[in-house]
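Right, one structure below, let's go through it.
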2 protein chains.
Amino acid sequence: MDEARWLDEREQRAWRALMVMQDGLSEFLDRRLRTRCGLSGADYEVLAHLAEAPEGRLRPFELGRLLRWEKSRLSQHLGRMEKRELVTREPCATDQRGAVVALTDRGRVLIEAAAPQHVGDVREVLMDHLSPDELDTLATIGDTVRARLAALGQGSGPAASEG
Amino acid sequence: MDEARWLDEREQRAWRALMVMQDGLSEFLDRRLRTRCGLSGADYEVLAHLAEAPEGRLRPFELGRLLRWEKSRLSQHLGRMEKRELVTREPCATDQRGAVVALTDRGRVLIEAAAPQHVGDVREVLMDHLSPDELDTLATIGDTVRARLAALGQGSGPAASEG
DNA sequence: TCCGGTTGGTTCACACGTCAACCAATCGCT
DNA sequence: AGCGATTGGTTGACGTGTGAACCAACCGGA
């Protein structure tokens, strides 16, 4: 079973650069969010989706689909956010099993303060330093990978039917 | 404080693609490693570095520098790996404070089985679907981001002096 | 109507990462 | 030699992510 050929130099370079970028980017952005806004990256994602929803309300399963999160992860995280009064959970009127997650005033304030900061951070570290060509290539690569993952994944990992 | 301009369409596309790629890639690779080799991504990184070191031995602080890991993370993780008999920890002969972490036979066997698999996975989902130009662009972007992070980070997060 | 399968959600146990506090050995300076 | 700062490393508390088990409500036939 030695049929797998190693990465050539060009591939290695790209791979290492991607890995370092990946780690560095999320570490940097998370840290900025945490220290300047008191939010984790996960908090931010949740709040951002809620803020875009009508009345700041969503069914958890909708939220999970948007975030591509496993349901247990979402449940745990919402529990913690509820304690911090960033969101509330109410029973759902039309489905006795379910719940509705709603943004609190506090959550709304925080996400609206955090969003422009976050975009600024993304600019600072990435967007403002890439050419249009590089941006397009990045998007293309991302789409390629997504397609490969979708083709291979076929039901492994949380599925998301694009809305 | 509304001076931060939002991302334009091209930037949004690139950003979303990058985020999805980032999440999808690490989730996919970690899952493959876990299910086919019984190793987490973190285990893999540690073992890979040890396997490249002379005699499969490294001082933890060296390992931490290579991995860009915080020392507490490394300490905790080595503890778990030691329990699973992937590595051992011995006192260091030349520095009474320190330790030496060494690959066990079991660890050696696992990493040597995992490495080609892992490379195959990386090929399958990424490398075999990108053009040389795309690879170069990816490397360039990664380097750009690393430079930005280094310029901004200035001592935030684990520093690593390139070896 | 009943009954099995699916869906929405929670909970438990565990692996993982970070921060702050801590300890002992070593280094550097006088 | 003495002593404070630095270095190498561990620990504890806590937030976070995953998989499996579980439960209740819903759905779709026979």
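Letters A, B, ... are given to chains in the order of the sequence lines, protein chains preceding strands, and every chain is numbered from 1. Keep in mind that the numbers below use all heavy atoms, side chains included, and drop hydrogens, waters and symmetry copies.
Relative ring orientation between A:Y44 and A:H118 is described as tilted, the plane-to-plane angle lying within the 30° to 60° band.
Following rounding to the nearest Å, A:L63 (CG) and C:dG8 (P) show an atom-to-atom distance of 13 Å. Regarding A:W69, its CH2 atom lies at a distance of 10 Å from the P atom of D:dT18, rounded to whole Å. For the pair A:L33 CG and D:dT16 C1', the computed distance is 15 Å after rounding to whole Å. Atom P of nucleotide D:dG8 and atom CG of B:L78 are separated by 15 Å, given to the nearest angstrom. A straight line from CG of A:D30 to P of C:dC19 spans 11 Å, rounded to a whole angstrom. Atom pair A:L74:CG and C:dT10:C1' shows a separation of 11 Å (rounding to whole Å applied). Taking atom CZ of residue A:R80 and atom C1' of nucleotide C:dT11, one finds them 13 Å apart after rounding to whole Å. The interatomic distance linking A:E70 (CD) with D:dT18 (P) rounds to 5 Å, in whole Å.
Residue order along DNA chain C, read from the 5' end via each residue's closest nucleotide, puts B:K71 first among B:Q96 and B:K71. Both A:A99 and A:Q76 lie near DNA chain C, and the one whose nearest nucleotide falls closer to the 5' end is A:A99.
Side-chain atoms of B:R97 lie closest to D:dG8 of the nucleotides D:dG8, D:dG12, C:dA13. When distances are taken from the side chain of A:D95 to each of C:dC16, C:dG8, C:dT18, the shortest belongs to C:dG8.
Of the residues listed (A:E27, A:Q117, A:E124), the one engaging A:R32 in a side chain to side chain donor-acceptor pair (under 3.5 Å) is A:E124, and it is the only one.
Contacts between residues 45-61 of chain B and DNA chain C, defined by a heavy-atom separation below 4.0 Å, involve no residue at all.
The residue B:R84 sits apart from the nucleic acid: no heavy atom pair falls under 4.0 Å.
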